Amino acid sequence: MCGIIAYVGHQESYPILIRGLKRLEYRGYDSAGIALLDGGLKVYKKAGRVSELENAIANKNLRSHIGIGHTRWATHGAPSDVNAHPHVAASGKFAVVHNGIIENYRMLKKYLLNKGYFFESDTDTEVLAHFVEDVQQCNQCTLEEAVRLAMAKVVGAYALVVLSEDLPNTLIAARKGSPMVVGIGRDEFFIASDATPIVAYTDQVVFVNDHEVVFIQDDRLFMTNSENRPLIPAVQQLDITLETIEKGDFEHFMLKEIFEQPNAIRDCMRGRLSTDSQKLVLGGISDYMDQLTKAHKITIVACGTSWHVGLIAEYLVEEFCKIPVEVEYASEFRYRKPIIGAGDLVWAISQSGETADTLAAMTLAKKQGATILGICNVVESSIARMAHAGIYTHAGPEIGVASTKAFTAQLTAIVMMALAVARQRGTITTFMFNELLQHLTDVPETIEVVLQQYDQVKHMAQAYKDMSNFLFLGRGYNFPVALEGALKLKELSYIHAEGYPAAEMKHGPIALIDEAMPVVFIATQDRSYDKIIANIEEVKARKGKIIAIVTRGDKTATQLADHVIEVPPIHEALMPMIAVVPLQLLAYHMAVIRGCDVDRPRNLAKSVTVE
Ligand code: G6P
């Protein structure tokens, strides 16, 4: 939620800030702004996309070797010019960009109003700017010290950067709960919410931890911990390249990422799965295999698409490992009184590794003594670092706001984990283990076959483009795929869509069915095929339009359906990785045909770092 960027060094900062903000736009795109030192502190901000800010200041010939920038996903205060960041302290001396939520901002604002401060915006960040200034005045201290003292009084999450006209070669930054990375170039530094705006300039980075303060002055980087003790910055080499964060020949990041799935899955399996030796090597969780093998229960916490992966994990782990699984929305788990304690196992699934609710759920479970395994895509993300151990999905950066390759890569990791545990527990036969390993190895090629139906799905989308509602139905392993198909369609094309277990249709949704209701059935060959055929008949009898995802060679569902997409056969436990692909393409095409912004759907953000 919100992206921040800062630069100090020998280059012109303006182009670096604008380019960086465009890279970070997937984190929010309600407004954008920058602050520079160009004969004093200059702030430019605008509601809307980064390109609107860019157009508004195109003729300004901005020159500065230092600057901060922000792209916003609105929390406190509507998207508007005045609520856009940066926010400036009352004296006009310094500006702040912030990602996160200040939970006690009302109390701080009241205190500041009583002292005569005036507020232009409705944001918590303006409160932060004035509060830092107030702390500095009360304590007669440096700005860096004021940031530290102020942050000790702030409740909530923040990654913030401060730029002051009194400190012309200095950036001050602090983090708690929102991600922040420092890029170290040759005589230049970058600060950003993630590495995507930095990778074009340097691959040397320092991931900032909670409660740390960053002070960059001239060509030196100083970092201190919560007790104000100096830290030696832990410099790491970035594992992403520029190519992985660019669209290349694709029109949208989402489409690129849909087509990247075969390779993302191969990368996830690389070095871990060998069909020759019929072995799985999961180094990231090897120290916890014993605990996994003896587990009496596994609790999965996640949000959004990752939660759908959790549901599939439940089917897999219960079937093959014979361990009971509970799948929880992280946002609910954290506010219940979950029965979880020492010896319990929690799996946290997250693409970004920064989702606030998932992090909070993990914190709660950890506090109660549970062991946490993370299944994350972003290396060194907060969730990856908070987990006791885990598996990286290695899908590469996912930029499109709607998650696609993260879903299939997460499933790859989960299948490998489930098979490794089942093998060690002796709850799977050697035949089934080997068969599933073989089928998993075949998944990338199988997806490549499905992707060849790009034009066919486009054609089908054309036929349904004016519909207002959709139902997605599936059973067994394909039920969570129905949820995922509905989520993709609604978030991208703004068509109302619901996913249901097909049998539940009779308990309500069937009342909605008429000729204006397309129903997408995931009707691949599996143990519930006959049942799903019965459900298709029920929809057909009520004149609903039927789209069916079927296994190649299918006859019955094909005859009943208005439109059919065929997928190659695969073991039913792995079918979600295949069946989801036509649904991703359907949502993509529908959004394009309806003129929606595929990579930046309205009101959404890729990484929900606020609750
Ligand atoms: C947001 C994104 C979704 C994602 C969800 C969970 O809602 O738009 O695509 O599935 O967050 O994110 P995570 O990074 O934890 O998987």
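Quick caveat: nothing in here was measured; it's all calculated off a predicted structure. In listed order, ligands and their atoms are each counted from 1.
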Seminar exercise, completed: Across all chains, not counting sequence neighbours, the salt bridge (Lys or Arg N to Asp or Glu O under 4.0 Å) partners of Lys488 are Glu484, Glu491
For this session: Quick one: list whatever passes salt bridge (Lys or Arg N to Asp or Glu O under 4.0 Å) with Arg602, sequence neighbours left out.
Result: none
For this session: Using a strict cut-off of less than 4.0 Å between a Lys/Arg side-chain nitrogen and an Asp/Glu carboxylate oxygen, indicate whether Glu246 and Arg23 qualify as a salt bridge.
Result: yes
For this session: Could you list all the side chain to side chain donor-acceptor pair (under 3.5 Å) pairs where at least one residue sits in residues 409-422, not counting sequence neighbours?
Result: Ser306-Gln410
Enumerate the pairs of nitrogen or oxygen atoms, one from ligand 1 and one from the protein, separated by less than 3.5 angstrom; state names and distance to 0.1 Å.
unit_1   : atom_1 : unit_2 : atom_2 : d
ligand 1 : 8 (O)  : Ala605 : O      : 3.2
ligand 1 : 9 (O)  : Val401 : O      : 3.3
ligand 1 : 10 (O) : Thr305 : N      : 3.0
ligand 1 : 12 (O) : Thr355 : OG1    : 3.3
ligand 1 : 14 (O) : Ser350 : OG     : 3.3
ligand 1 : 14 (O) : Gln351 : N      : 3.4
ligand 1 : 14 (O) : Ser352 : N      : 2.7
ligand 1 : 14 (O) : Ser352 : OG     : 2.6
ligand 1 : 14 (O) : Thr355 : OG1    : 3.4
ligand 1 : 15 (O) : Ser350 : OG     : 2.6
ligand 1 : 15 (O) : Thr355 : OG1    : 2.5
ligand 1 : 16 (O) : Ser306 : OG     : 2.6
ligand 1 : 16 (O) : Gln351 : N      : 2.7

For this session: Might you point out which heavy atoms bring Cys2 and Ser193 nearest each other, and give the distance in Å?
Result: O-OG, 4.0 Å
Exercise. Under a 4.5 Å cut-off applied to non-hydrogen side-chain atoms, are Tyr477 and Leu574 in contact?
Worked result: no
